[in-house]
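These numbers were taken from a predicted model, which means no experiment stands behind them. Basis for what follows: all heavy atoms, side chains included, without hydrogens, waters or symmetry-related copies. Quick note: residue numbers are just sequence positions, from 1.
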Amino acid sequence: MLDRVLGERILADGGVAVELWSALANVEWQHADGGAVSYSFRSAGDLIAWLREEGSYLDWYCCAEPGIVSTDIQRALAAHGWTPKVQ
């Protein structure tokens with residue numbers, strides 16, 4: 001879902017990738033259907049590297065303050081039923 005919703009923007013703009021890392025690291029995301037996901041710093045970095053189609057988690061590990069969900073990221077994910085719960 002992240003690739004479909006934000007993939008092109010993340011490929012085009014590293015700043016969006018940084019925003020997404022911050023929104024994933026140390027944040028529990030809850031879905032309207034009752035599901036939930038959370039990412040460690042490393043797994044968030046790994047996901048960003050995969051979405052960017054380059055590098056490794058180390059390229060994104062701690063690239064921003066963890067647990068900060070920008071309005072842009074929150075809106076993009078809310079459109080697909082996801083809301084953040086900052087830990």
Over 12 non-hydrogen atoms of neighbours within 6.0 angstrom of CZ in R52 = yes

Has E54 got more than 12 heavy atoms of other residues, nucleotides or ligands less than 6.0 Å from its CD?
-> yes

Over all heavy atoms of both residues, which pair between [X] and [Y] is shortest? Give the atoms and the distance, please.
X   : Y   : result
S43 : S40 : OG-N, 2.8 Å
A76 : L6  : CB-CD2, 4.0 Å
S22 : V27 : O-CG2, 4.2 Å
F41 : C62 : CD2-SG, 3.5 Å

Decide yes or no on side-chain contact (heavy atoms from CB on, under 4.5 Å) for W60 and D46, but give the supporting numbers first.
-> CA-CA 8 Å; W60 300 98; D46 210 23; over 6 Å; no

Within one Ile-Leu-Val-Met-Phe-Trp-Tyr cluster: L24 and L11, side-chain cutoff 4.5 Å | no

Does Y61 have its ring centroid less than 6.0 Å away from the ring centroid of W21?
-> no

How many angstroms lie between [atom1] in [X] and [atom2] in [Y], if you round to the nearest 0.5 Å?
X   : Y   : atom1 : atom2 : value
T71 : E19 : OG1   : CD    : 9.0 Å
R9  : I73 : CZ    : CD1   : 6.0 Å
T83 : H31 : OG1   : NE2   : 9.0 Å
I48 : D59 : CD1   : CG    : 11.5 Å

Under the side-chain contact (heavy atoms from CB on, under 4.5 Å) criterion, do V69 and W29 qualify, and how do the steps go?
-> CA-CA 11 Å; V69 181; W29 284 87; 3.9 Å; yes

